[in-house]
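These notes are about the structure you will find just below.
In each ligand, atom 1 is the first atom listed, and ligand 1 is the first ligand listed. Heavy atoms only: backbone and side chains are in, while hydrogens, waters and symmetry mates are out. Residue numbers count from 1 along this sequence.
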Amino acid sequence: MTILITGAHGQLGNELQKILEEGASERGILPLFYAQRMIVAVDVNELDITSSDAVDSFFTLHKPNIVFNCAAMTNVDGCEGNEEAAYLVNAVGPKNLAVACERHGARLMHLSTDYVFDGLGTRPYVESDVPAANTAYGRSKLAGERFVLETCKDSCICRTAWLYGYAGNNFVKTMLKLAREKGQLTVVNDQVGNPTSAVDLAWQLVLLAASEETGIFHCTCNGDAVSWNAFAKRIMEKAGLAVEVKACTTAEFPRPAKRPAYSALENRHLRETIGDSMRDWKEALDSFLEHYLEQERRQ
Ligand SMILES: NC(=O)c1ccc[n+]([C@@H]2O[C@H](COP(=O)([O-])OP(=O)(O)OC[C@H]3O[C@@H](n4cnc5c(N)ncnc54)[C@H](OP(=O)(O)O)[C@@H]3O)[C@@H](O)[C@H]2O)c1
């Protein structure tokens with residue numbers, strides 16, 4: 001079995017490559033389904049998913065059986081300033097992969113986001129809720145979802161949120177850096193969501209890919225949805241940094257792209273099918289910080 005990971009240098013791609021190459025992660029050992037596997041992990045320099053010709057030639061050469069599409073333009077404000085570029089990577093790219101997967105009989109695991117919703121909800125969004133994106137990033141990701149669902153029968157859309165991992169930059173690393181540099185933090189307390197570890201997401205994705213399930217799945221860490229401010233406080237507490245985390249509002253911290261006020265997701269489809277393996281966000285964060293801070297000490 002050949003497994004293709006696109007966007008392999010990103011937070012999730014990196015974690016997926018690690019678990020598939022090592023055969024295990026802190027979450028468990030890979031199912032027997034993966035006993036005979038070859039991993040082809042590429043990023044934009046080796047496979048630019050926006051080129052249908054490049055995607056088609058790549059499939060002809062490597063003949064993947066499962067594709068994890070982790071490639072994306074994830075800079076939400078960058079997308080707002082260049083919706084055309086966002087559409088190309090987040091919508092046309094997945095379409096190219098979906099066409100190739102359908103043609104070559106491959107299974108497509110495509111990643112999406114809580115930003116497909118408008119963020120005006122009052123309870124966690126479930127998969128059957130009607131999306132209504134109101135940012136360029138959200139619109140481009142929603143278009144990508146639709147292309148995949150329309151084009152590739154054997155596909156899953158996995159929506160995640162507030163992702164952090166060992167590779168790349170993310171909120172957890174930024175908070176640690178700013179806390180050490182400035183000794184205090186000011187973080188918004190009126191945007192609520194689900195902090196999600198790339199370790200847990202990668203594990204859940206390999207389990208889902210090994211099943212025969214298709215359709216839309218919400219895949220975020222469990223536990224109560226929290227504000228960025230509460231998330232930052234937990235990071236400081238667990239990292240042993242005695243730093244004050246002041247609260248501010250979104251209005252006091254304007255950004256080019258409108259942030260959803262409430263974008264919590266419920267993993268209902270997972271629970272009703274293969275089971276929800278995502279840990280409570282606090283447990284996953286504590287484990288991440290333990291390993292990440294240990295890595296820092298050793299460097
Ligand atoms: N990060 C989050 O908080 C978050 C939240 C919800 C959903 N998601 C979704 O989860 C998935 C993984 O996110 P992530 O945080 O792991 O993303 P990431 O760290 O930004 O990684 C994305 C990777 O894709 C690469 N890429 C960009 N354009 C490409 C192209 N045309 N062809 C091939 N590769 C390309 C990027 O390269 P460059 O860095 O060189 O551009 C990067 O290495 C994405 O679908 C994202 O939309 C993420």
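Under 4.0 angstrom from ligand 1, the non-hydrogen atoms of Tyr137 all belong to its side chain. Looking at Ala8 against ligand 1, nothing comes within 4.0 Å, counting heavy atoms. With a 4.0 Å cut-off on non-hydrogen atoms, Thr74 touches ligand 1 through its side chain and not its backbone.
Nearest protein heavy-atom neighbour of atom 28 (N) of ligand 1: Val89 CG1, 3.6 Å. Given atom 7 (C) of ligand 1, the protein heavy atom at minimum distance is Ser112 O, 3.2 Å. With hydrogens left out, the protein atom closest to atom 21 (O) of ligand 1 is Gly10 CA, 3.2 Å, a heavy atom. When only non-hydrogen protein atoms are considered, atom 16 (O) of ligand 1 lies nearest to Leu12 N, 2.9 Å. Protein heavy atom closest to atom 3 (O) of ligand 1, with residue, atom name and distance, is Leu163 N, 3.0 Å. The protein atom (non-hydrogen) at minimum distance from atom 25 (C) of ligand 1 is Asp43 OD1, 3.4 Å. Here the heavy atom of the protein found nearest to atom 11 (C) of ligand 1 is Leu111 CB, 3.6 Å. Of the protein's non-hydrogen atoms, the one nearest atom 6 (C) of ligand 1 is Thr160 O, 3.2 Å.
For Gly13, no nitrogen or oxygen atom sits less than 3.5 Å from a nitrogen or oxygen atom of ligand 1, counting backbone and side chain alike. Geometrically, ligand 1 and Gln11 share a nitrogen or oxygen pair separated by less than 3.5 Å. At least one N or O atom of Ile49 sits closer than 3.5 Å to an N or O atom of ligand 1. Residue-to-ligand polar distances keep His9 apart from ligand 1: every N/O pair is separated by 3.5 Å or more. For a threshold of 3.5 Å applied to N or O pairs, the pair formed by Asp48 and ligand 1 contains at least one separation below that value.
Ser287 and Glu290 form no side-chain donor-acceptor contact under 3.5 Å, judged by distance and modelled atom types alone. When only modelled atom types and interatomic distance are considered, Asn189 and Ser227 share no side-chain donor-acceptor pair under 3.5 Å. For the residue pair Thr273 and Glu213, no side-chain donor N or O sits within less than 3.5 Å of a side-chain acceptor on the partner. Judged by distance alone, the side chains of Asn229 and Lys233 do bring a donor and an acceptor atom under 3.5 Å apart. In summary, the side chains of Thr249 and Asp190 do not present any donor paired with an acceptor at a separation below 3.5 Å, with no hydrogens or angles considered.
Near Gly7, meaning under 4.0 Å from one of its heavy atoms, ligand 1 places the atoms 23 (C), 24 (O). Taking a cut-off of under 4.0 Å to the non-hydrogen atoms of Thr50, the atoms of ligand 1 that pass are 31 (N). Residue Ala72 has at least one heavy-atom neighbour below 4.0 Å for each of these atoms of ligand 1: 22 (C), 24 (O), 26 (N), 27 (C), 44 (C), 45 (O), 47 (O). Of all the atoms in ligand 1, the ones that sit under 4.0 Å from a non-hydrogen atom of Ala71 are 24 (O), 33 (C), 34 (N), 35 (C).
Distances from ligand 1 to the non-hydrogen atoms of Gly165 include no value under 4.0 Å. Using a 4.0 Å cutoff on heavy atoms, Leu47 counts as a contact of ligand 1. Ligand 1 lies within reach of Ala161, whose nearest heavy atom is under 4.0 Å from it. Ligand 1 has Lys141 within reach: a non-hydrogen atom of the residue lies less than 4.0 Å from it. Ligand 1 is never approached by Thr6 to a heavy-atom distance shorter than 4.0 Å. Heavy atoms of Tyr164 come nearer than 4.0 angstrom to ligand 1 in no pair at all. Note on ligand 1: Cys70 sits in its first shell, one or more heavy atoms being nearer than 4.0 Å.
Side-chain contact between Asp56 and His104 is present, with at least one heavy-atom pair separated by less than 4.5 Å.
For Met73 against Asn90, the heavy-atom pair with the smallest separation is N-OD1, 2.8 Å. Contact record, Asn194 with Thr196: O-OG1, 3.0 Å, taken as the closest heavy-atom pair.
Taking a 6.0 Å sphere around CG of Asp224, one finds it holds 12 or fewer heavy atoms contributed by other residues, nucleotides or ligands. Crowding of Lys282 atom NZ: a count of heavy atoms from other residues, nucleotides or ligands under 6.0 Å exceeding 12. Within a 6.0 Å sphere centred on CD of Glu212, other residues, nucleotides and ligands contribute 12 heavy atoms or fewer. For Phe33, the CZ atom sits in a packed shell: over 12 heavy atoms of surrounding residues, nucleotides or ligands are nearer than 6.0 Å.
The only option from Tyr164, Phe288, Trp228 that meets the ring-ring contact (aromatic ring centres under 6.0 Å, His included) definition with Phe171 turns out to be Trp228.
Within a 4.0 Å radius of atom 41 (O) of ligand 1, the protein has no heavy atom. Per-atom contact check: atom 38 (P) of ligand 1 does not touch the protein, criterion being a heavy-atom distance below 4.0 Å.
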message: Determine whether Val172 and Phe231 satisfy the following criterion, side chain to side chain contact (heavy atoms under 4.5 Å, CB included), listing intermediate values before the conclusion.
response: CA-CA 9 Å; Val172 180; Phe231 185 19; 3.7 Å; yes
- request: Decide side chain to side chain contact (heavy atoms under 4.5 Å, CB included) for His62 and Leu4; before the verdict, give the C-alpha distance in whole Å, the side-chain angles of both, and the deciding distance to 0.1 Å.
  value: CA-CA 9 Å; His62 294 281; Leu4 170 62; over 6 Å; no
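Rounded to the nearest 0.5 angstrom, Arg37 CZ and Glu21 CD are separated by 9.0 Å. For the atom pair CG of Leu97 and OG of Ser52, the computed distance is 10.5 Å after rounding to the nearest 0.5 Å.
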